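Everything below concerns the one structure shown next.
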Amino acid sequence: MSHPIATVFPPLPAGGLPLSDLQKKVIALKKAKDAIILAHNYQCEDIQGVADFVGDSLGLAYKAAAAQNSTILFCGVHFMAETAKIVNPTRRVLLPDMEAGCSLADSCPAEKLAAVKAANPKLYVVAYINCSAAVKALSDVICTSGNASKIVNRVPADRPILFIPDQNLGRWVAAKTGRAMQLWPGNCYAHVQFTPAALLRTKAAYPQAPIVAHPECTEAVRDLADMVCSTELMVDWCRRQENDTIIITTEAGMIHRLQREVPHKTFIAAPTDRCACNECKFMKMNTLQKVHDCLLNGTPEVIMPESIRVAAEVPLRRMLEWSA
Ligand code: 13P
Ligand code: SF4
């Protein structure tokens, strides 16, 4: 069987990409509607190009909390937009496609977590931010891939930790902190498609290129990487690499951000065994047209029961405080 060849992203032309007519319309509309556009690093290139801020889950949570505009248009997945609403409830939060979910959030229903907690009342629940507001409301503290070790290190030593819902991130954090943790059996359907075999084939084609991987990858893939970190930390790490070519083992949208911030390097999107690059189907549900329509119509809007919002805000605020 022949395997997919990795996708190569050479540097963009000097001055970057020109704005399309639709992008210009969106920029005019966001001013007219007093909206701020926050976009995750995995969003499409044309969406990143109209955003006021592009970043990882942690950076986006801080930006959402500080947003002054009456509308936050969140280009990412549902749990990220919910997070924005939880920390800044007086703003209207829009999400271009309400179906933009996350396999990690799906793996951990609130009722299941409530049952585990009821059976083990001493558990301290550390929840990766990739979970629903109802799950956050049942958790003691939230973390992201950018601050997980810092957060776990602050958990009282006498409390057994339940880490939800990503077992791969949890295993990585347990190794880094030396803290034993019970792991929820969830994973990111996209990141677990990276395999050691596909990564080794890519490395054989680009032997000088260092490898960076997201902690949602399996341990066997992480072990092959020169660096494992959140999407935000990848930007700085790539900037500091002497080599001009770098293998990026995460969702391929990340490369749009890297191309803008680290303009002279070539990025190789690590393939899976089946596909030349790896995209999250949820992240890609947002399109520039949907961003435009969402701004124009003020819908779909993220709404949640106030009791859940208030309860979910406690562990989120704890994270923002512990990680400052
Ligand atoms: P980051 O916080 O590292 O951007 O990760 C978010 C995510 O969903 C990764 O799949
Ligand atoms: Fe969720 Fe994975 Fe998509 Fe991130 S890449 S939003 S963890 S499904």
Side-chain angles (χ1 to χ4, degrees), residues 38-44 47-48 51 53-64 74-84 95-108 126-132 135-136 142-151 163-170 172-173 176 184-194 212-218 221-222 225 227-238 248-258 261 269-270 272 275 277-286 316 319-320 323:
L38 305 180
H40 186 263
N41 288 322
Y42 296 163
Q43 291 292 283
C44 310
I47 293 181
Q48 293 198 22
F53 177 79
V54 182
D56 69 350
S57 309
L58 183 60
L60 288 163
Y62 277 113
K63 282 284 170 196
F74 206 105
C75 299
V77 291
H78 191 262
F79 75 81
M80 295 179 174
E82 267 190 341
T83 299
L95 176 64
D97 191 324
M98 277 290 158
E99 298 300 311
C102 170
S103 65
L104 277 168
D106 290 346
S107 74
C108 186
V126 179
Y128 187 31
I129 199 164
N130 296 38
C131 61
S132 68
V135 165
K136 287 184 176 78
I142 309 301
C143 72
T144 73
S145 59
N147 64 15
S149 298
K150 206 173 180 179
I151 299 293
F163 189 92
I164 62 167
D166 188 357
Q167 57 184 330
N168 289 306
L169 177 74
W172 178 68
V173 177
K176 277 177 67 136
W184 192 269
N187 60 45
C188 163
Y189 92 95
H191 280 86
V192 297
Q193 287 180 47
F194 292 115
V212 62
H214 196 275
E216 287 172 12
C217 296
T218 62
V221 165
R222 293 196 308 267
M227 177 66 171
V228 177
C229 60
S230 74
T231 60
E232 193 59 36
L233 296 177
M234 284 183 192
V235 178
D236 191 47
W237 188 82
C238 288
I248 309 297
T249 317
T250 192
E251 209 271 357
M254 183 64 212
I255 294 183
H256 305 310
R257 170 92 195 276
L258 289 168
E261 301 250 359
T272 69
C275 188
C277 71
N278 197 358
E279 290 193 330
C280 167
K281 65 182 175 190
F282 303 113
M283 284 280 177
K284 267 38 190 194
M285 283 180 182
N286 297 322
L316 260 171
M319 172 189 85
L320 296 177
S323 108

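In this text, all values refer to a predicted model and were calculated from it rather than measured experimentally. Start at 1 and go down the list; that is how both ligands and their atoms are numbered.
Checked by atom type, the side-chain pair Thr249/His214 shows no donor-acceptor distance below 3.5 Å.
Within 6.0 Å of CD in Glu261 there are more than 12 heavy atoms belonging to other residues, nucleotides or ligands.
When each atom of ligand 2 is checked for a heavy atom of Glu216 under 4.0 Å away, the hits are 2 (Fe), 7 (S).
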N/O contact list for ligand 1, threshold under 3.5 Å:
from	atom 1	to	atom 2	distance (Å)
ligand 1	2 (O)	Ser57	N	3.1
ligand 1	2 (O)	Ser57	OG	2.8
ligand 1	3 (O)	Ser145	OG	2.7
ligand 1	3 (O)	His214	NE2	2.8
ligand 1	3 (O)	Thr231	N	3.0
ligand 1	4 (O)	His40	NE2	2.7
ligand 1	4 (O)	Thr231	OG1	2.6
ligand 1	5 (O)	His214	NE2	3.3
ligand 1	8 (O)	Asn130	ND2	3.2
ligand 1	10 (O)	Glu216	OE1	2.8
ligand 1	10 (O)	Glu216	OE2	3.2

Checklist entry - Passes side-chain hydrogen bond (donor to acceptor under 3.5 Å, both in side chains), Ser57 versus Tyr128? Steps please. => result CA-CA 10 Å; Ser57 309; Tyr128 187 31; 5.6 Å; no

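Atoms OG1 and OH, on Thr250 and Tyr42 in that order, are 2.5 Å from each other to the nearest 0.5 Å. Note that the CG atom of Leu233 and the SG atom of Cys238 stand 11.0 Å from one another [nearest 0.5 Å]. Atom-to-atom distance recorded for Ile142:CD1 and Leu58:CG is 12.0 Å, nearest 0.5 angstrom.
Ordered by chain and number, Cys280 SG make up the set of protein N, O or S atoms under 2.8 Å of atom 3 (Fe) of ligand 2.
Considering only residues two or more places apart in sequence or on other chains, Ser103 meets the side chain to side chain donor-acceptor pair (under 3.5 Å) condition with none of them. Glu251 meets the side chain to side chain donor-acceptor pair (under 3.5 Å) test with Lys284; sequence neighbours excluded.
Tyr189 carries Lys281 over the face of its six-membered ring, with the cationic atom under 6.0 Å from the centre and within 45° of the normal.
Judged by distance alone, with hydrogens and angles left aside, the side-chain atoms of Arg257 form no donor-acceptor pair with the main-chain N or O of Gln48 at under 3.5 Å.
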